[in-house]
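Predicted model only: the values in this text are computed from it and were never measured.
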Amino acid sequence: MSAQLAAGTYRCRDVAQSVAAAVEAEVTWVDTAPNYAFGTAESSLRPVLGTCPHVQVSTKVGFVPDSDRHAALAAGVLPYGHDRGHCLTRPYIAWQVARSRARLGRVPDLVFVHNPEHGRPDRTGLLRMLTEAFEKLEGVADAGEIGGYGVATWAGLSNGMFTIPELTALAETVGGPHHHFRAVQFPVSLIHLAVVADALDGCGALAEARETGLDVFASAPLGGGELLGAMTEELVRSIDAAASPAQAALLVALSAPGVSQVLLSASTAAHWADARGAAARKPLSPDRLRKVIDVLGT
């Protein structure tokens, strides 16, 4: 099955407008987090989601938004030393998931553990913390308060802090064969080509996710916008000569083996129309992807 476009809300200037444009472009998945848009992203999505029951939504747990800190402290869910930055204790997870559910106005289809590697250089401690987080999320899922859970990471997989098989084993340990661990989210782009090169060789995070049946949400497919200025005519031609620069960059993520959803933060109908043009194109063949990798290196 080909990868689909999904709406990301990281760094969106106007979340409601961006997601409304995405829905008009027939996007059916929206990804957000409590700390996006200065803590307002989830609430901004509620009106759109309320009129679009077919659109699925994922959010995250982990970061402590400035706007939520006082309420979290008052609720007693932030232990000493976690009042700033990041927290994945059981009480905070339960509290933040309930808050997200209320703000979104619906049960999230997925809740990602958000950058669990944040501030935790000790691998053993990180895996212990993930086990506790998975235990809590399994309970929340069993109660019908979320559809499932996953892990969203920027560098945890690429720097070896944890692996897909380890995450799957943790989920099986705490949730049994019918666990609710469903997905992972990490960067896939022309900037992060090593994971694509590994997948073409049948190894690495993308191949492991596919083998275990996990959905993969590819984040930052345009490198936070940086790639658009780096798309030379030669690079575009090596990908697809008939594509626009943005389409060419998106095609790499859309064509990467094992990717299910490509998260795009686009603010206008014109941007989404261009993105739809990329999704409508024939995926790049493995040989074409290897050529791009050879041109740029990993």
Side-chain angles (χ1 to χ4, degrees), residues 1-33 36-37 40-42 44-59 104 109-110 185 187-193 196 215-285 288-289 292:
M1 181 178 176
S2 299
Q4 304 294 311
L5 287 172
T9 55
Y10 182 54
R11 292 183 177 174
C12 277
R13 296 176 182 175
D14 187 325
V15 170
Q17 176 183 306
S18 297
V19 173
V23 172
E24 283 292 319
E26 301 181 355
V27 167
T28 58
W29 194 292
V30 179
D31 181 72
T32 191
Y36 290 176
T40 67
E42 290 177 324
S44 296
L45 284 173
R46 183 168 181 156
V48 180
L49 295 174
T51 58
C52 303
H54 65 287
V55 175
Q56 294 181 282
V57 62
S58 51
T59 189
L104 292 168
D109 295 281
L110 278 175
Q185 183 180 140
V188 181
S189 72
L190 285 166
I191 296 174
H192 299 89
L193 273 177
V196 181
D215 286 329
V216 174
F217 288 69
S219 60
L222 299 181
E226 295 178 12
L227 273 173
L228 297 180
M231 298 300 293
T232 64
E233 290 184 12
E234 179 183 2
L235 178 55
V236 172
R237 281 198 304 271
S238 72
I239 297 170
D240 186 331
S244 70
Q247 288 175 344
L250 283 172
L251 265 173
V252 172
L254 286 163
S255 305
V259 170
S260 311
Q261 305 272 356
V262 175
L263 295 172
L264 178 65
S265 296
S267 56
T268 69
H271 290 157
W272 277 109
D274 197 38
R276 284 186 66 185
R281 304 186 88 80
K282 184 178 179 180
L284 304 178
S285 68
R288 176 69 67 169
L289 282 172
V292 174

**Report entry** Test item: L254 and L5 side chains (from C-beta on) under 4.5 Å apart, heavy atoms
**Finding:** yes
Report summary line: ring-ring contact (aromatic ring centres under 6.0 Å, His included) pairs touching residues 217-243, sequence neighbours excluded, are W29-F217, F112-F217
Query raised in the report: Minimum heavy-atom separation for A220 to G224, with atom names?
Result: CB-N, 4.4 Å
Requested in this report: Taking the side chain as every heavy atom from C-beta outward, state whether W272 and V27 have any pair of such atoms under 4.5 Å apart.
Outcome: yes
Requested in this report: Please report the shortest heavy-atom distance between L227 and P221, naming the atom on each side.
Outcome: CD1-O, 3.5 Å
**Report entry** Heavy-atom closest pair, residues A41 and A33
**Finding:** CB-O, 4.1 Å
Report summary line: Separation between CG (L49) and NE2 (H54), nearest 0.5 Å, reads 10.0 Å
**Report entry** Spacing of H192 atom NE2 and L190 atom CG [to the nearest 0.5 Å]
**Finding:** 11.0 Å
Query - Separation between CG of L263 and OG of S58, rounded to the nearest 0.5 Å - result: 7.0 Å
Query raised in the report: For the side chain to side chain contact (heavy atoms under 4.5 Å, CB included) test, which of V19, V48, D109 pairs with V57?
Result: D109
Hey, can you pull the donor-acceptor pairs under 3.5 Å for the side chains in residues 236-243, sequence neighbours left out?
from	atom 1	to	atom 2	distance (Å)
S238	OG	L235	O	2.6
D240	OD1	A242	N	2.9
D240	OD2	R281	NE	2.9

Report summary line: Between A256 and V196 the two heavy atoms that sit nearest each other are CB-CG2, 4.1 Å
Query - Nearest atoms (heavy-atom pairs only) where G223 meets I191 - result: CA-CD1, 3.7 Å
Report task. Enumerate the residue pairs fulfilling side-chain hydrogen bond (donor to acceptor under 3.5 Å, both in side chains) with a member in residues 254-269, sequence neighbours excluded, ordered by first and then second residue. Result -> D215-S260, T268-H271
Query raised in the report: Which pairs with one or both residues in residues 9-21 pass side-chain hydrogen bond (donor to acceptor under 3.5 Å, both in side chains), sequence neighbours excluded?
Result: T9-T32
Report task. Using the salt bridge (Lys or Arg N to Asp or Glu O under 4.0 Å) rule, collect all pairs that involve residues 19-31, keeping only residues at least two apart or in two chains. Result -> E26-R276, D31-K60
Requested in this report: Mind jotting down which residue pairs meet the salt bridge (Lys or Arg N to Asp or Glu O under 4.0 Å) criterion with at least one end in residues 254-264? Sequence neighbours excluded, please.
Outcome: none
Query raised in the report: Of the non-hydrogen atoms in C52 and V23, which two are nearest, and what is the gap between them?
Result: SG-CG1, 3.7 Å
